[in-house]
There are 2 protein chains.
Amino acid sequence: MPRHVARPSLATVAVRVGVSTATVSNSFNRPEKVSDTVRSKVLAEAARQGYAGPDPAARQLSRGGRTDTLGLLLTEELPLAFTDPAAVAFLQGLAASCQGAGQNLLLISATSNSDASDAVRAAVVDGFVVYAVRADDPHLQRILDRRLPTVLVDTPAPTDAVDWVGPDDRAGARELAEVLIEQGHRRIGAITAGLRGARYSGPAEHRSSADLPASIHGSRIQGLRDALGAAGLDDLPIEERPENTHAAGADALHALMDRRPDLTAVCVLMDVMAIGALAAARDRGLDIPGDLTVTGYDDIPQAAAAGLTTVSQPLTDKGRIAGELYLSRRAGGPSRRRVLPTHVKVRSSSGPPRC
Amino acid sequence: MPRHVARPSLATVAVRVGVSTATVSNSFNRPEKVSDTVRSKVLAEAARQGYAGPDPAARQLSRGGRTDTLGLLLTEELPLAFTDPAAVAFLQGLAASCQGAGQNLLLISATSNSDASDAVRAAVVDGFVVYAVRADDPHLQRILDRRLPTVLVDTPAPTDAVDWVGPDDRAGARELAEVLIEQGHRRIGAITAGLRGARYSGPAEHRSSADLPASIHGSRIQGLRDALGAAGLDDLPIEERPENTHAAGADALHALMDRRPDLTAVCVLMDVMAIGALAAARDRGLDIPGDLTVTGYDDIPQAAAAGLTTVSQPLTDKGRIAGELYLSRRAGGPSRRRVLPTHVKVRSSSGPPRC
DNA sequence: CTGAAAGCGCTAACAC
DNA sequence: GTGTTAGCGCTTTCAG
């Protein structure tokens, strides 16, 4: 009866062919250093045993070299990353950089599930790019602990040991609010996603600035408050939803307008939600922008079609630059910080308040 | 002067703390099996040395276990994958499956560059999903060689040793052409992307069926020919472009209509190109669908907004199912084949020919 | 051109 | 609790 067959390896092939493991290794990795006869025997035996070639992990270990893989930590819910056009544009830029340098991209599925939480520790990568997570995200901490070259994107930098790229979200939001105030708006509200990072849904204005979690959402709220404060306004009702979706945006708009029918402008801090909010506002029978101005943030491709006034930033470039920072990282060099330009793109969803 | 400092490892930490490597290992992996005193000493020393924890590759080797990582082979140009909404929808579905199972996703950048061509061999993964590559793609062959659980998507299956999911592209295209013929169209043209896989740009009708490369594009062309043949029509001018972009679609439409102004319908076999072609047709002053019917394939979200008649398939589900097939793969089990439903979605870009 | 042997850094049994 | 000792599967000098 058939003996227990060991999983094929360099050694099992070597022994059957009657050569050393070194020769088998060479047959696969440096064909020119092996005679054709031996090589073909090796390959034949390998095929017979179903041996697919050197094990990547073992290879990695003994070579001790680079993995040519970049780890990408995305928002908690991986699928959502593909739902948000802003994230997709970012990925596209990052992929372009990686592809050019022959780097693979490992998408780390950062579930809050603690079991899988060491996906970061187990990742066989040369470094990381972290996209749009909160400064207090536990995965981010683990990444920092690994002390590999790391680039933070749309993430407040908890340390200056890493490179950083992103827009000045606070300034962008401030400029947006200034435009609205300039147009005559005095009662402005905001809709945001995941301010607390938790699954919270509801009003969120009762948070002090210091209490704002370290996230892009917090920065954007700060920016709005900056502008309002400068104009002597201190009322900013905020409605928060956990997910950045059309439905959540619509839902939040209804909740906010039910609470505060007097608002003349609503700043939605993510474009996807903003587009949903825009539709919801029309559903309420509001004339846009006569009765209500609605604005977004990010300027995703769909924003133009929707006529959405929004804060524009170079999404794809952001990805490309993140890749370039990562690739050009030199050991011991100082950390670099690239602030991307931002500007308010005025479209048909905004205008002076009617009254 | 400072002696050469070895890269920190379990051993370097162990020796300085005066414990065994096993204890250090346990401190990191099974805290409960180590006394608090020892553990904190270990952690302190590790921090001092800048030791980030067990090396993933070595860990992987000795555990001999799973990597919890799925390798995804995409079309040659990775960034393009994020440009095509059909691919993004697929990724979203796949990511949802992966996330649920705590699997990471390694995007393999399959450059034609032969240097990087063993990215497949070097990938530390438990298996592969292959999306939309040609049957004769060399990377695909390498993946098959690794004999890991593999799922093919939108890729003709060169072997039945792997699982497969996709629509019946040939049938979908045939049904589309039947609808057009039914409406009275007799002179139909086609626009396709990368039929040859090469960087070819130009007419492509002079290829026998047998010669059609094994790709979804080939299947779709086959489908059109099936329907035309059944109706006694044998003329199918084809214009090919290497990339699936709006610009390429527009360009191809102009080229095709310059050659064959008599056409009453053009089947563009990818939605992104189709939307570009639609715009180009209008630019030529053609009335849609009076002067010309233009159709697409895939039914990406933007198709509805563009009023594009197209062949619809469940894009996100395709990704989800690919993930499920992969996750439910049992050694030695028979390969499975999931054919997705397809149906023609008639919108405003198609109609009976005017004349 | 081929072989022998020393690790790469870690984990898993077992002992103590 | 903690230490010892084998490997995991491969690459790499260095001889022959």
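As the structure is a prediction and not an experimental result, all values here were calculated from the model. Atoms considered below: every heavy atom in the structure, side chains included; atoms not considered: hydrogens, waters and symmetry mates.
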**OP:** Can you sort out which residues in residues 21-37 of chain A have a heavy atom within less than 4.0 Å of DNA chain C? Ascending by number, please.
**Re:** A22(A), T23(A), E32(A), K33(A), V34(A), S35(A)
Of all residues at least two apart in sequence or in a different chain, which pass the side chain to side chain donor-acceptor pair (under 3.5 Å) check with [X]?
X	result
S20(B)	T23(B)
S335(B)	none
D163(B)	R329(B), R336(B)
Q99(A)	E77(B), S109(B)

**OP:** Measure from the side chain of S62(B), starting at C-beta and using heavy atoms only, and say which of dG7(D), dT11(D), dG3(D) lies closest.
**Re:** dG7(D)
Taking [atom1] from [X] and [atom2] from [N], how many angstroms apart are they, rounded to a whole number?
X	N	atom1	atom2	value
R121(B)	dG9(D)	CZ	P	17 Å
R7(A)	dC8(D)	CZ	C1'	9 Å
D55(B)	dC8(D)	CG	C1'	13 Å
L61(A)	dG7(D)	CG	P	17 Å

**OP:** With a 4.0 angstrom cut-off to heavy atoms of chain A, pull out the first and last contacting nucleotide of DNA chain C, in 5'-to-3' order.
**Re:** dC1(C) to dG9(C)
**OP:** Please tell me which of R63(B) and G18(B) maps to the more 5' nucleotide of DNA chain D, matching each residue to the nucleotide holding its nearest heavy atom.
**Re:** G18(B)
Original post:
Considering residues at least two apart in sequence or located in another chain, which fulfil the side-chain contact (heavy atoms from CB on, under 4.5 Å) criterion with L73(A)?
Top reply: I108(A), A110(A), V130(A), V133(A), H139(A), I143(A)
Subject >> S328(A) side chain to E324(A) backbone, donor-acceptor under 3.5 Å >> reply: yes
Subject >> D126(B) side chain to T67(B) backbone, donor-acceptor under 3.5 Å >> reply: yes
Which atom pairs link the protein and nucleotides 14-16 of chain D when you take only N or O atoms and keep those under 3.5 Å?
none

**OP:** Can you tell me which residue pairs pass the salt bridge (Lys or Arg N to Asp or Glu O under 4.0 Å) test with a partner in residues 10-38 of chain A, sequence neighbours excluded?
**Re:** R16(A)-E45(A)
Original post:
To 10°, what angle do the rotation axes through the five end pairs on each side of the helix from dC1(C)-dG16(D) to dC16(C)-dG1(D) form?
Top reply: 30°
**OP:** Measure across Y51(A) and D55(A) and return the closest heavy-atom pair with its distance rounded to 0.1 Å.
**Re:** OH-N, 4.3 Å
Subject >> Results of salt bridge (charged side-chain N to carboxylate O under 4.0 Å, His left out) for R63(A) - residues two or more places apart only >> reply: none
Original post:
Residues in salt bridge (charged side-chain N to carboxylate O under 4.0 Å, His left out) with D68(B), at least two apart?
Top reply: R66(B)
Subject >> Sidechain N-carboxylate O distance under 4.0 Å for R320(B), D317(B) >> reply: yes
**OP:** Could you grab the distance from atom CG of L78(A) to atom SG of C98(B), nearest 0.5 Å is fine?
**Re:** 8.0 Å
